[in-house]
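Below you'll find the structure, written out as structure tokens, and then a few comments.
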Amino acid sequence: MEPVEIIHGDLLLRPWRSGDADAVHRACQDPAIQRWTSVPSPYLPEHATGFVTGIAPAAWAAGTGAPFAVCDAGTGELLGSCGLVSIDRALDSAEVGYWTAPWARGRGVAVRATRAVARWAFDQLGMRRIVWQAEVGNHASRLVALRAGFRIDGRLRLAHPHPMGGPDGWIGSLLPADLPTPPDAPATPTEHPVDDGGPASPTGRPATPADDGAVVLDPLEVRRAAVFGRDQPVLFATTVDGEIRLRRPEDRDIDDLVVGCRDPESIRWTSVPDPYQRGDAEFYVRELAVDTWARGTGAIFAVADPEDRYAGTLDLRISPSTRPSRTSGS
């Protein structure tokens with residue numbers, strides 16, 4: 001497959017070059033990129049060089065992927081990475097992957113680049129579906145996918161879980177009809193064959209982002225990403241006996257949790273298993289509390305006394321919302 005460049009508003013998406021290695025290395029020192037993507041950790045200069053000079057061009061040559069460097073169209077500065085990380089010609093399906101450099105966040109780079117790649121894949125490669133996957137808990141990537149038009153269809157067990165993450169992932173899909181098209185604009189971004197001897201970026205292009213149309217999200221999804229995309233906080237409150245704290249349950253709480261949940265009043269008025277076993281407490285602390293926060297469906301807190309000893313639990317559950325609505329246009 002021949003590499004191409006895509007110009008989309010103030011973004012230039014182009015194949016990776018050997019000169020990108022230093023910027024890639026710098027971007028991939030970011031803890032979030034190392035935590036939520038498949039890049040090596042620690043990320044060394046040789047990893048960046050191997051990616052831009054070996055892995056990326058090999059994917060283009062074999063037709064198995066289409067990795068793009070996302071750059072500022074005016075300055076040529078590297079802003080991120082976006083592309084098709086796998087292409088299945090038998091199904092006319094491909095998977096998208098992206099990251100944004102720390103210095104370029106907050107500008108909608110990943111959303112706009114993802115839409116541009118998807119539009120190119122549908123119109124020029126004849127793809128019928130784009131797939132998105134991310135580890136459960138990666139709310140930043142989930143929000144990008146939703147804003148790009150993806151429907152988050154469900155969960156699946158990950159083939160290659162992150163060493164620091166969980167075993168489950170979210171999966172979403174994008175069909176041609178789902179992709180927002182800006183009003184009074186061509187359906188496909190401007191595409192150019194690659195000219196290795198040409199300038200690093202085009203000139204005379206608009207300096208403002210392209211209007212990709214609107215994807216109206218359920219406000220809960222936006223708030224969910226803002227809250228649950230971070231570590232679970234420790235909350236404090238003052239009582240007549242001193243300051244108490246609400247924190248994530250920990251292994252040191254398990255024995256006290258077992259005692260509390262075997263109390264007849266706990267059994268009478270809550271839904272705890274009866275008889276309550278130590279394994280129930282281990283599941284609650286090590287799996288349920290972690291997964292509930294990662295999914296963004298609630299928060300499970302241990303209530304701790306002024307000496308930080310377990311005193312009880314407090315569960316917050318978020319009621320399911322309706323499916324986010326989507327409209328095209330401004």
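Below, all heavy atoms of this structure are taken into account, side chains as well, without hydrogens, waters or symmetry copies. Numbers for residues simply follow the sequence, beginning at 1.
Of the residues R278, R309, R262, the one that meets the salt bridge (charged side-chain N to carboxylate O under 4.0 Å, His left out) test with D255 is R278.
Linking Ile, Leu, Val, Met, Phe, Trp and Tyr residues whenever their side-chain heavy atoms come within less than 4.5 Å places V4 and M1 in a single cluster. The cluster map of Ile, Leu, Val, Met, Phe, Trp and Tyr, joined by side-chain heavy atoms under 4.5 Å apart, puts L174 and I87 in the same cluster.
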Problem - Candidate pair Y43 and V24, rule side-chain contact (heavy atoms from CB on, under 4.5 Å), full reasoning - result: CA-CA 10 Å; Y43 196 82; V24 171; 3.5 Å; yes

Practice task
Before giving the answer on side-chain contact (heavy atoms from CB on, under 4.5 Å), spell out for F228 and I318 the whole-Å C-alpha distance, their side-chain angles and the decisive distance to 0.1 Å.
Solution key: CA-CA 12 Å; F228 295 99; I318 300 176; 3.6 Å; yes

Practice task
Please test W170 against F150 for ring pair (Phe, Tyr, Trp, His ring centres under 6.0 Å), starting from the C-alpha separation and ending with a verdict.
Solution key: CA-CA 12 Å; W170 284 313; F150 282 80; over 10 Å; no

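Residues L79 and R107 meet the side-chain proximity criterion, which asks for heavy atoms closer than 4.5 Å.
The environment of E307 atom CD is dense: over 12 non-hydrogen atoms of other residues, nucleotides or ligands sit within 6.0 angstrom.
Looking at H8, its side chain never comes within 3.5 Å of a backbone N or O of A113 through a donor-acceptor pair. When atom types are taken as modelled, the side chain of D153 and the backbone of S173 share a donor-acceptor pair closer than 3.5 angstrom.
Listed by chain and residue number, H25 satisfy the side chain to side chain donor-acceptor pair (under 3.5 Å) test with Q29 (two or more places apart in sequence, or in another chain).
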Kindly list each side-chain donor-acceptor pair under 3.5 angstrom involving residues 233-240, sequence neighbours excluded, with atom names and distances?
| from | atom 1 | to | atom 2 | distance (Å) |
| --- | --- | --- | --- | --- |
| T239 | OG1 | D241 | N | 3.2 |
| T239 | OG1 | G242 | N | 3.4 |
| T239 | OG1 | G242 | O | 2.8 |

